[in-house]
There are 2 protein chains.
Amino acid sequence: MSNGRAPTSHDVARLAGVSQSTVSLVFRGASSGRVGERTRRTVLDAARELGFRPNADARRLRVGGPRMVLIAVPDIVNPFFARVFTGARAVAREAGFQVVLSVQRDLDSVAADVAGQQIDAVLACSLEDGGRPLEDPVPAVVLDAEPPQGQGSVRFDIAPVLTELVGHLHRLGHRRIAHLRSDVRTATFRERTEAVDAACERHGMTRVHASCALDTGSAREAASALLAEHAGPGGRPGFTAVVCDDDVLSVGVYKAAADAGLAVPADLSVTGMDDVDLATAVTPELTTLHLPGEELGATGMRRLIARLERGAERGDGPRARAGQAAGARSGSAETGTECVRLPARLLVRGSTAPPAAGG
Amino acid sequence: MSNGRAPTSHDVARLAGVSQSTVSLVFRGASSGRVGERTRRTVLDAARELGFRPNADARRLRVGGPRMVLIAVPDIVNPFFARVFTGARAVAREAGFQVVLSVQRDLDSVAADVAGQQIDAVLACSLEDGGRPLEDPVPAVVLDAEPPQGQGSVRFDIAPVLTELVGHLHRLGHRRIAHLRSDVRTATFRERTEAVDAACERHGMTRVHASCALDTGSAREAASALLAEHAGPGGRPGFTAVVCDDDVLSVGVYKAAADAGLAVPADLSVTGMDDVDLATAVTPELTTLHLPGEELGATGMRRLIARLERGAERGDGPRARAGQAAGARSGSAETGTECVRLPARLLVRGSTAPPAAGG
DNA sequence: GTGAAAGCGCTAACAG
DNA sequence: CTGTTAGCGCTTTCAC
């Protein structure tokens with residue numbers, strides 16, 4: 001057996017009694033009309049016996065491979081990010097790019113994943129604040145986050161719809177609300193806080209708040225504490241609605257409300273953000289903000305690719321390699337380097353109602 | 001500017017007025033004590049000006065990269081598969097492997113993803129039946145599916161716990177149940193049907209069934225149809241419990257029950273499988289089978305790596321490349337090629353209760 | 001139909 | 001401290 005080294009096409013050639021280039025021809029599939037059937041068999045048998053697999057690195061060094069884009073998300077188990085990834089991946093593949101996934105929370109870790117791989121571009125979603133921009137001159141687009149200098153970004157236009165949400169609660173008659181925030185330190189969540197605060201101010205609504213981790217258990221505890229702390233007259237809570245930074249948190253609030261003997265929405269209105277499966281699974285179904293994750297990913301990837309193509313045309317893009325495989329996208333005038341906002345939508349469902357008369 | 005070709009270390013060397021190997025030294029980080037600070041700066045500046053990035057393919061061809069394992073799942077948005085991926089990925093990285101994700105439903109598509117990449121091993125989860133084994137001699141382990149010839153597999157030991165589940169319903173007093181099946185054609189779901197059938201038989205319970213796609217909407221429709229079709233005396237359904245192949249389906253059944261004016265669990269008991277977030281988010285919380293996804297992925301990956309290391313020792317493993325980076329795993333006697341079963345667990349929660357007296 | 005030879009861009013001795 | 005040199009394994013003309 002081979003002494004530890006992986007078998008090469010040379011080894012196969014020697015065993016088959018042919019030249020190395022013949023082995024190459026056979027494995028390239030270019031054997032028809034060039035290599036005899038007998039020889040082909042011999043080569044294949046020899047290869048099988050040695051467990052030969054062509055070295056992809058060597059092949060790519062020679063011919064150039066498809067271009068690769070790295071997609072980074074902070075947490076692939078979260079269905080929201082999974083959808084962002086799915087949307088971005090679909091666009092990338094359509095355009096002939098290979099996709100590599102990086103599950104990391106900050107830009108520095110993403111940079112580490114980029115190193116050592118032949119990455120042509122990076123799409124990074126919801127990274128934590130801080131972290132220097134990539135030192136490599138790799139084009140990047142960030143999603144749902146503050147764009148680093150000179151890179152494009154795509155995010156949700158969340159302020160208007162959040163204003164609309166607070167207006168919806170105000171119209172129902174709510175005057176004192178609670179805001180259950182995520183303690184994740186990203187730009188989106190800061191924006192959400194600002195927008196809720198501003199809207200409350202405008203409507204002259206009272207607001208209390210708490211922060212917790214992005215899971216149901218933490219939200220349940222935080223909401224219970226909030227309920228206990230701000231107990232109003234007659235055992236009723238000191239607020240009549242809870243605005244949550246995320247659907248997952250809303251589920252925790254449902255639990256906390258049930259623990260306290262409060263009915264949703266009769267005693268307490270609850271709202272979420274994201275519109276994941278959870279939102280329609282619970283009873284009553286959750287009034288929430290629809291944040292189109294797939295579209296976020298797809299839009300970001302389209303801009304990234306547009307920038308890549310533009311760079312390639314100008315001839316100064318990094319590694320314009322062979323095998324273009326231009327996708328079937330009709331050209332749009334995106335430059336890929338600005339900050340775009342995607343519209344969000346308010347979905348009114350069963351979890352919001354006028355506050356109880358006694359509230 | 002460069003005429004389309006990506007700049008190489010040679011280009012940088014020429015511009016900086018140094019030799020190509022100096023450029024290499026600088027970029028390898030081995031410059032300290034070997035390259036003067038002045039030269040270093042010059043090289044870096046030249047590189048920046050040209051937009052130079054070292055060619056990773058060439059580098060890997062020379063020194064060998066970390067080994068790579070491909071993890072395939074049918075759907076990354078499904079939190080269950082996302083957890084499998086997460087568990088497997090953690091083990092792989094711990095052992096110094098790079099991970100590439102492939103989202104594909106059948107083995108043939110996975111094989112296409114393997115081609116052209118330097119993949120050393122494949123971990124494939126819940127693939128659809130059929131499809132030839134990989135033609136490349138790549139070690140593989142399949143998860144939650146029928147193992148192809150000579151490859152290892154890890155799956156849940158679902159029959160006993162399903163028997164326990166049916167027994168639980170029987171003990172509560174249920175005698176006529178419905179089984180809402182997934183129409184996905186994989187081995188697990190066939191096993192689930194067999195196990196439910198067998199258990200019902202043993203207890204002398206009547207069983208009706210329907211199949212639907214793995215989403216809440218389809219389940220809701222299917223359950224409504226089932227309810228209508230098997231209407232019993234006095235407007236009550238012809239069955240008192242619904243066993244679902246997946247938590248997602250259970251949510252659809254909750255909705256259908258509500259549509260029909262039936263209370264869960266008073267009028268209808270419901271059970272799921274998987275134990276995803278959904279299971280505890282709904283009211284009442286769902287009685288379900290806990291299927292440890294992360295553990296499935298982790299166990300599969302451990303076996304795969306064990307097989308790889310064993311092959312490397314024997315010297316006939318495919319491409320035993322440099323840079324071993326052996327992880328901190330204590331040696332276990334796994335051979336990696338058998339079929340293992342992971343225990344599942346019955347979680348009794350609020351969605352199962354004795355049938356209504358009139359039922 | 002098959003073989004010989006020239007690199008792809010980079011790293012790693014070894015000289016200077 | 002820096003330059004010279006010899007490949008890594010594969011693809012691809014170009015001869016035979």
Side-chain angles (χ1 to χ4, degrees), chain A residues 2 4-43 46-47 50-65 115-118 318-323, chain B residues 2 4-44 46-47 50-65 115-118 120 318-323:
Chain A
S2 59
R5 237 180 78 280
T8 76
S9 57
H10 265 113
D11 301 329
V12 176
R14 197 171 319 119
L15 181 60
V18 298
S19 91
Q20 182 270 336
S21 44
T22 304
V23 176
S24 183
L25 280 179
V26 169
F27 271 84
R28 270 283 337 273
S31 55
S32 63
R34 305 180 46 69
V35 176
E37 186 54 26
R38 282 272 307 263
T39 334
R40 213 182 81 89
R41 279 253 177 285
T42 323
V43 168
L50 295 176
F52 166 75
R53 294 203 317 129
N55 182 318
D57 292 328
R59 174 172 210 290
R60 277 208 305 263
L61 173 58
R62 197 71 180 80
V63 303
Q117 294 190 70
Q118 197 61 285
R319 19 201 78 266
R321 297 153 93 198
Chain B
S2 60
R5 236 182 75 280
T8 75
S9 56
H10 264 113
D11 300 330
V12 177
R14 197 170 319 118
L15 181 60
V18 299
S19 90
Q20 182 271 336
S21 48
T22 304
V23 176
S24 183
L25 278 179
V26 168
F27 271 84
R28 275 296 317 144
S31 54
S32 61
R34 305 180 46 67
V35 175
E37 187 52 27
R38 282 273 306 264
T39 335
R40 214 182 81 90
R41 278 255 176 283
T42 323
V43 168
L44 255 20
L50 294 174
F52 167 75
R53 295 203 315 128
N55 182 318
D57 292 328
R59 172 170 212 290
R60 278 208 304 262
L61 173 58
R62 195 69 182 83
V63 303
Q117 294 189 68
Q118 195 64 285
D120 297 290
R319 19 201 77 270
R321 297 153 92 200

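Numbers restart at 1 for each chain; the letters A, B, ... are given by sequence-line order, proteins then strands.
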Worksheet item: Considering residues at least two apart in sequence or located in another chain, which fulfil the side chain to side chain donor-acceptor pair (under 3.5 Å) criterion with B:Q20?
Response: B:S9
Worksheet, complete the sentence: Closest non-hydrogen contact found for B:R60 with A:Q117 is NH1-CA, 4.0 Å
Fill in: Phosphate-side-chain proximity, A:S24 and D:dC10, N/O vs OP1/OP2 below 4.0 Å
no
Fill in: Rounded interatomic separation in angstrom, taking CG from A:L25 and P from C:dG3
10 Å
Fill in: Gap between atoms CZ and P, on A:R62 and C:dA5 respectively (whole Å)
16 Å
Worksheet, complete the sentence: Looking only at heavy atoms, the pair that brings A:P7 and A:G51 closest together is CG-O, 3.9 Å
Worksheet item: In chain order, what residues pass the side chain to side chain contact (heavy atoms under 4.5 Å, CB included) check against A:T39, with sequence neighbours excluded?
Response: A:V18, A:T22, A:V35
Worksheet entry | Partner set under side chain to side chain contact (heavy atoms under 4.5 Å, CB included) for A:R59, not counting sequence neighbours | A:R28, A:V63
Item to complete: Return the nearest nucleotide to the side chain of A:L61; candidates are D:dC10, C:dC8, C:dA12.
Response: C:dC8
Worksheet entry | Set of residues satisfying side chain to side chain contact (heavy atoms under 4.5 Å, CB included) with respect to A:S21, sequence neighbours excluded | A:S19
Practice prompt. Quickly work out the B:H10 NE2 to C:dC10 P distance and round it to whole Å.
Written response: 9 Å
Fill in: Positions of residues 15-22 of chain B (non-hydrogen atom under 4.0 Å from DNA chain D), listed by number
B:V18, B:S19, B:S21, B:T22
Worksheet item: Going by the salt bridge (Lys or Arg N to Asp or Glu O under 4.0 Å) test, which pairs reach into residues 17-26 of chain B, not counting sequence neighbours?
Response: none
Practice prompt. Round to a whole Å and report the spacing from CZ of A:R59 to C1' of C:dG7.
Written response: 16 Å
Worksheet item: Can you check whether A:R28 has a side-chain N or O nearer than 4.0 Å to OP1 or OP2 of D:dT12?
Response: yes
Worksheet item: Between the axis at one end of the helix from C:dG1-D:dC16 to C:dG16-D:dC1 and the axis at the other (five pairs apiece), what's the angle to 10 degrees?
Response: 40°
Worksheet item: Separation of A:N55 atom CG from D:dC10 atom P, in whole Å?
Response: 6 Å
Worksheet item: Hey, does the side chain of B:T39 come within less than 4.0 Å of D:dT2's phosphate (OP1/OP2), counting only N and O?
Response: yes
Worksheet item: Within this structure, what is the CD-to-P distance between B:Q118 and D:dG9, rounded to whole angstrom?
Response: 11 Å
Discussion item. Can you confirm whether B:R40 sits close enough to B:E37 that some side-chain heavy atom of one is under 4.5 Å from a side-chain heavy atom of the other?
Written reply: yes
Worksheet item: How would you list, by chain and number, every residue that makes a side chain to side chain contact (heavy atoms under 4.5 Å, CB included) with B:T8, sequence neighbours excluded?
Response: B:R5, B:H10, B:D11
Worksheet entry | Integer-rounded Å distance: D:dT12 C1' and A:F27 CZ | 18 Å
